Amino acid sequence: MTKDRRLTSQSEDFAAWYTEVVQAAGLVDYSPVRGCMVIKPYGYAIWELMQSALDGLFKATGHQNAYFPLFLPQSALDREAEHVEGFAPQTAVVTHAGGEELEEPLVVRPTSEAVIWPVVANWIQSYRDLPVLLNQWANVVRWELRTRPFLRTTEFLWQEGHTAHAIAEEAREEARRMLAVYREFMEEWMAMPVVTGEKTPSERFAGAERTFACEALMKDNKALQAGTSHDLGQNFARAFEVQYQTEEGRHEFVWNTSWGVSTRLIGGLIMTHGDDQGLSLPPRLAPYQLVIVPIWKSDEQRQSVLEKAELLRAGLAGGVRVHIDDRENMTPGAKYFDWERRGVPLRMEVGPRDVEKSQVVLVSRTASAEDRKRFVGDAEALATIPEMLIDLQAGVRREAERRRAENSVRGLADYGEFKARMEGSGGFVYAGWCGDERCEQKVKQDTKATIRVLPDPEFRSEEPPERCLCCGESADHEALWAKAY
RNA sequence: CGGGGCGUGGCGCAGUCCGGUAGCGCACCUGCUUUGGGAGCAGGGGGUCGCCGGUUCGAAUCCGGCCGCCCCGACCA
């Protein structure tokens with residue numbers, strides 16, 4: 001009966017594969033409230049690893065953590081016109097509390113600009129108080145119509161950076177700096193290559209002057225917006241009266257940024273590396289980098305293999321996250337399947353024969369079916385496992401880069417060809433855009449594809465496109481088009 | 001909110017057309033034998049069949065109403 005324990009394959013139905021794998025790998029459970037998800041310990045462990053890496057990067061770039069409240073008064077949200085227009089339809093509003101109707105409704109934050117700036121305005125008097133470089137780890141609520149675990153949930157966890165600067169150029173640099181930090185995290189930790197660039201006005205954050213984003217290509221050839229960084233100009237400073245006094249004694253509005261990544265990244269991780277066997281985690285974000293499966297028949301064997309497993313774990317402690325799977329009610333084979341489905345990068349088998357020969361068996365999650373098992377002496381195993389994990393990290397990244405390259409096309413100029421491609425394989429298409437929003441709209445209606453970003457220079461084609469993909473007029477920009485999550 | 005599908009032990013489903021003791025697989029518990037790629041045998045526990053009402057001697061099954069969920073679209077990190 002192994003058949004019904006298998007996941008739906010990615011090629012058969014990618015969406016079904018995804019919802020099955022998040023459950024089967026023990027990442028999430030559903031909650032009594034529609035659209036909300038429970039993050040189970042194994043899923044939360046991945047988030048904690050992400051948090052810890054990102055938090056380090058934020059602090060290394062001079063940011064401090066703080067915490068602002070869950071609620072904001074409706075009137076605060078209303079103060080920035082575009083912002084309220086963008087978010088009001090998605091908010092959850094508390095109208096009753098303590099058994100009474102509230103005088104003013106409280107909005108559950110969909111993002112915290114309108115919570116933070118009215119308060120932080122009072123922290124800023126002089127140019128000497130700038131820049132303010134804040135981050136908070138928080139939950140937010142956006143009333144989405146259709147939800148999917150990690151990718152789009154009613155409540156989600158994220159970090160949101162909020163900064164204020166004395167001059168415009170500095171804010172612009174900050175927005176760019178944090179985009180680069182995101183890219184570094186996504187590539188170095190998640191092994192998920194991204195294209196960075198600027199969003200078109202229609203895809204901009206509500207209230208921003210400019211929005212920058214990291215876009216990744218998932219295994220079903222749809223794009224995932226993995227992180228955004230916004231140059232807010234003085235829009236929020238004016239709305240919330242965030243002013244400072246210059247060296248010359250003049251009063252000026254500050255320049256703001258905000259930037260965020262969310263638990264959506266876990267969805268990106270799953271759809272970048274997962275396969276028909278289940279989850280596949282890059283070692284840097286794997287809660288367990290190595291799982292030891294002890295094998296025994298008799299009680300004596302049980303004791304000797306567990307002792308050996310314990311010694312190996314101790315030998316790797318500090319450098320490698322090791323778990324010994326000593327469950328008694330499962331056979332070794334069942335454990336192999338279980339940990340492969342949960343995406344553990346490296347498995348070690350320790351049986352009676354290995355105790356005799358002072359060796360172990362090592363199997364990596366991503367190795368091909370043949371010659372998967374490697375017999376390695378104990379000392380060598382201890383010495384090489386940390387390097388193996390580094391190699392595995394590099395390997396999954398190379399594979400993700402290869403896949404993205406294989407599913408990206410450049411120089412496509414014929415609209416019919418583009419439409420056929422979006423109906424078929426999908427993927428990234430680099431092509432010209434005239435700059436007119438009407439062309440964006442038409443392409444979206446025809447194909448569901450949108451401009452993900454206007455790519456940064458290093459991602460642009462050597463030969464810039466001459467014509468707009470849609471209208472054929474001369475192209476102002478090279479755009480990255482794709483169907484998106 | 002429009003179109004489609006589905007609600008039956010924790011999970012996946014059969015049973016519904018044609019009313020008659022609620023069943024199967026997985027999971028779970030106990031025991032014995034097992035354990036190097038999803039163990040076997042034996043025993044066992046668990047479901048007011050989404051909800052409300054109607055028809056009937058009798059409803060998971062027929063009729064009426066309601067609710068919820070999933071998938072496809074419009075909104076979005």
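In this text the structure is predicted, and so the values were computed from the model without any measurement. Lettering follows sequence order; numbering is per chain, from 1. These numbers come from the heavy atoms of this one structure, side chains and all, not from hydrogens, waters or symmetry mates.
- Residues of residues 38-45 of chain A having a heavy atom closer than 4.0 Å to RNA chain B: none are found.
- For the C1' atom pair drawn from B:G3 and B:C49, the interatomic distance equals 28 Å after rounding to whole Å.
- Outside the 6.0 Å centre-distance limit, the rings of A:Phe150 and A:Trp47 are not counted as a close aromatic pair.
- Comparing B:C67 with B:A22, their C1' atoms are spaced 24 Å from each other, to the whole Å.
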Find every protein N or O atom lying less than 3.5 Å from an N or O atom of nucleotides 75-77 of chain B, and list the pairs.
residue: B:C76; atom: O2'; partner: A:Glu144; partner atom: OE2; Å: 2.9
residue: B:C76; atom: O2; partner: A:Arg152; partner atom: NE; Å: 2.1
residue: B:C76; atom: O2; partner: A:Arg152; partner atom: NH2; Å: 2.9
residue: B:C76; atom: N3; partner: A:Arg152; partner atom: NE; Å: 3.3
residue: B:C76; atom: N3; partner: A:Arg152; partner atom: NH2; Å: 2.8
residue: B:A77; atom: O3'; partner: A:Gln225; partner atom: O; Å: 3.3
residue: B:A77; atom: O3'; partner: A:Gln225; partner atom: NE2; Å: 2.8
residue: B:A77; atom: O3'; partner: A:Arg264; partner atom: NH1; Å: 3.2
residue: B:A77; atom: O2'; partner: A:Arg264; partner atom: NE; Å: 2.7
residue: B:A77; atom: O2'; partner: A:Arg264; partner atom: NH1; Å: 2.0
residue: B:A77; atom: O2'; partner: A:Arg264; partner atom: NH2; Å: 3.0
residue: B:A77; atom: N6; partner: A:Thr153; partner atom: N; Å: 3.3
residue: B:A77; atom: N6; partner: A:Thr153; partner atom: O; Å: 2.6
residue: B:A77; atom: N3; partner: A:Ser262; partner atom: OG; Å: 3.3

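- A:Arg347 comes within 4.0 angstrom of a base, heavy atoms only.
- Rounded to whole Å, the separation between the P atoms of B:C6 and B:C52 comes to 23 Å.
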Practice prompt. Output, in order, the C-alpha distance, side-chain angles, deciding distance and verdict of salt bridge (Lys or Arg N to Asp or Glu O under 4.0 Å) for A:Glu349 and A:Lys373.
Written response: CA-CA 9 Å; A:Glu349 303 170 16; A:Lys373 300 205 177 191; 3.1 Å; yes

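- The same atom, P, is picked in B:A14 and in B:G5; the two are 15 Å apart, to the nearest Å.
- Nucleotides B:G10 and B:G46 have their C1' atoms positioned 10 Å apart, rounded to a whole Å.
- Comparing the P positions of B:A59 and B:U55 gives a spacing of 11 Å, expressed to the nearest Å.
- As a whole-Å value, the separation of A:Phe337 CZ from B:G36 P is 12 Å.
- A salt bridge is defined here as a Lys NZ or Arg NE, NH1 or NH2 lying under 4.0 Å from an Asp or Glu carboxylate O, and A:Lys308 with A:Asp378 meets this definition.
- Taking the six-membered ring where tryptophan is involved, the planes of A:Phe58 and A:His63 are perpendicular, since the angle between them exceeds 60° and thus also 30°.
- No hydrogens or angles were tested; on distance alone, a donor-acceptor pair under 3.5 Å links the side chain of A:Asp354 to the base of B:G36.
- If you check every strand for non-hydrogen atoms under 4.0 Å, A:Gly351 touches a base.
- Other residues, nucleotides and ligands place more than 12 heavy atoms under 6.0 Å from the CD atom of A:Glu48.
- A cation-pi geometry, defined here as NZ or CZ lying under 6.0 Å from the six-membered ring centre and within 45° of its normal, does not hold between A:Arg79 and A:Phe240.
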Would you tabulate the nitrogen or oxygen pairs shorter than 3.5 Å linking the protein to nucleotides 39-42 of chain B?
residue: B:A39; atom: OP1; partner: A:Thr331; partner atom: OG1; Å: 3.3
residue: B:A39; atom: OP2; partner: A:Thr331; partner atom: OG1; Å: 2.1

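- If you take NZ of A:Lys357 and P of B:G36, they are 17 Å apart, rounded to a whole angstrom.
- Backbone-only contact: A:Lys448 has heavy atoms under 4.0 Å from sugar-phosphate atoms and none from a base.
- The distance between atom CG of A:Asp325 and atom P of B:G37, rounded to the nearest whole Å, is 15 Å.
- A cation-pi arrangement is absent between A:Arg264 and A:Phe156, since the terminal nitrogen or guanidinium carbon is not both under 6.0 Å from the aromatic centre and inside a 45° cone about the axis.
- Between A:Phe205 and A:Phe87 there is a side-chain heavy-atom pair separated by less than 4.5 Å.
- Contact annotation: side chain of A:Lys335 to base of B:G36, donor-acceptor pair absent below 3.5 Å.
- Across all strands, A:Glu340 comes closer than 4.0 Å to base atoms (heavy-atom distances).
- The side chain of A:Pro352 lies closest to B:G36, out of B:G36, B:G37, B:U35.
- Using a 4.0 Å heavy-atom criterion, one finds that A:Val261 contacts no nucleic acid atom at all.
- With P as the reference atom, B:C13 and B:C66 are 27 Å apart, rounded to whole Å.
- A gap of 15 Å separates the C1' atoms of B:G9 and B:G44, to the nearest Å.
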